[in-house]
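What follows is a short report on a single structure.
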Amino acid sequence: QVVLVESGGDSVQAGGSLRLACVVSVYSGAANCMAWFRQAPGKGLEEREGVAVFDNDGSSTVADSVKGRFTISKDNAKSTLYLQMNTLKPEDTAMYYCAADPYCLPKRSLRRLDYNYWGQGTQVTVSS
């Protein structure tokens with residue numbers, strides 16, 4: 001069983017920065033790859049969008065929509081996944097979710113259905 005707890009969400013002005021954190025309760029092979037997703041207000045689960053993924057080989061991928069602004073990283077000693085978000089825009093407003101999976105197939109997937117474990121989310125609101 002893997003429990004993921006996100007934190008760091010807040011309300012900020014456009015152009016601001018936030019750093020989200022996701023603490024993993026059991027840091028084992030059950031969370032070999034970890035990712036951040038977001039779900040914008042009024043959108044359903046099927047529209048939950050992959051933002052960035054950190055694979056177990058140390059490689060990472062970020063979505064084109066946030067490339068150059070968001071960075072994903074992981075601190076193994078703290079069992080924590082991070083998402084550094086810079087130059088935030090109103091369209092970044094969403095609930096942000098941490099996800100994990102033991103199998104990591106395909107590699108560096110940003111597809112919601114490829115992840116078995118999910119956190120409860122942390123809200124990010126960006127005002128113009």
Side-chain angles (χ1 to χ4, degrees):
Q1 182 68 25
V2 177
V3 177
L4 309 172
V5 180
E6 304 96 332
S7 63
D10 204 345
S11 296
V12 297
Q13 295 281 334
S17 297
L18 284 174
R19 188 176 78 158
L20 305 184
C22 172
V23 178
V24 185
S25 64
V26 180
Y27 209 72
S28 67
N32 279 331
C33 54
M34 298 183 68
W36 288 100
F37 286 76
R38 66 184 181 185
Q39 188 167 337
K43 293 199 173 182
L45 176 62
E46 65 279 5
E47 296 177 276
R48 189 173 292 184
E49 173 193 12
V51 175
V53 55
F54 197 99
D55 213 322
N56 60 343
D57 63 0
S59 63
S60 62
T61 297
V62 296
D64 289 342
S65 58
V66 302
K67 195 165 291 183
R69 299 189 298 122
F70 290 12
T71 303
I72 189 170
S73 61
K74 189 169 69 171
D75 186 330
N76 290 331
K78 296 182 179 180
S79 302
T80 302
L81 180 75
Y82 297 101
L83 183 68
Q84 178 66 46
M85 306 186 296
N86 299 326
T87 320
L88 283 161
K89 304 176 181 180
E91 52 264 42
D92 294 319
T93 294
M95 185 72 81
Y96 283 72
Y97 296 91
C98 178
D101 192 80
Y103 304 112
C104 308
L105 293 174
K107 289 187 68 65
R108 297 186 297 279
S109 170
L110 289 175
R111 199 170 71 110
R112 175 181 63 86
L113 294 177
D114 291 328
Y115 291 85
N116 279 290
Y117 303 106
W118 292 86
Q120 293 300 306
T122 186
Q123 178 67 40
V124 172
T125 302
V126 185
S127 56
S128 58

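Predicted, not measured: the structure shown is a model, and the values here were computed from it.
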Is there a side-chain contact between L81 and E6, using heavy atoms and a 4.5 Å cut-off?
no

Using a cut-off of 6.0 Å, state whether more than 12 heavy atoms not belonging to Q123 lie near its atom CD.
yes

Using the rule that Ile, Leu, Val, Met, Phe, Trp and Tyr join whenever any side-chain heavy atoms are under 4.5 Å apart, tell me whether Y97 and Y117 fall into a single cluster.
no

Cluster question for you: counting only ILVMFWY and a side-chain heavy-atom cut-off of under 4.5 Å, with indirect links fine, are W36 and V66 together?
yes

Does a side-chain heavy-atom distance below 4.5 Å link V24 with V2?
yes

Looking at side-chain heavy atoms only, is the closest gap between R19 and Y82 below 4.5 Å?
yes

Of all heavy-atom pairs between P90 and A14, which one has the smallest distance, and what is that distance?
CD-CB, 4.1 Å

Quick check against the 3.5 Å criterion: does Y115 have a side-chain atom that pairs as donor or acceptor with the backbone of S109?
yes

Does C33 offer a backbone N or O that forms a donor-acceptor pair with the side chain of N56 under 3.5 Å?
no

Can you find a heavy atom in the side chain of F70 that is under 4.5 Å from one in the side chain of D92?
yes

For V23, does its backbone N or O pair with a side-chain atom of S79 as donor and acceptor, under 3.5 Å?
no

Can you name the closest pair of heavy atoms from T93 and P41 and give their distance?
O-CD, 3.5 Å

For the NZ atom on K43, are there more than 12 heavy atoms of other groups (residues, nucleotides or ligands in this structure) within a distance under 6.0 Å?
no

Interatomic spacing from CD1 in I72 to CD in Q84 - rounded to 0.5 Å
12.0 Å

Would you please test K67 and D64 for salt bridge (Lys or Arg N to Asp or Glu O under 4.0 Å) and show each step?
CA-CA 5 Å; K67 195 165 291 183; D64 289 342; 3.1 Å; yes

Measuring from atom OG1 of T122 to atom CZ of R38, what distance do you get when rounded to the nearest 0.5 angstrom?
14.0 Å

Between R112 and L45 (side chain of the first, backbone of the second, donor and acceptor by atom type, cut-off under 3.5 Å), is there such a pair?
yes

So, taking the atom named CG in D101 and the one named CG in N32, what distance separates them when rounded to the nearest 0.5 Å?
8.5 Å

Heavy atoms of W118 and R48 approach each other most closely as CE3-NH1, 3.4 Å

To the nearest 0.5 Å, how far apart are CG in D114 and CZ in R108?
13.0 Å

Heavy-atom pair with the smallest gap, counting every atom of G121 and M95:
C-SD, 3.7 Å

When rounded to the nearest 0.5 angstrom, what is the spacing between CE in M85 and CG in L18?
4.5 Å

Any link between L110 and L20 through a network of hydrophobic side chains (Ile, Leu, Val, Met, Phe, Trp, Tyr) touching at under 4.5 Å?
no

Establish, from distance only, whether the side-chain atoms of S65 and E91 form a donor-acceptor pair under 3.5 Å.
no

Using 0.5 Å steps for rounding, measure from the CE atom of M34 to the SG atom of C22.
4.0 Å

Here the pair of heavy atoms bringing N86 nearest to S17 is OD1-OG, 3.0 Å

Could you tell me which non-hydrogen atom of A100 sits nearest to which non-hydrogen atom of A31, and how far apart they are?
CB-CB, 3.8 Å

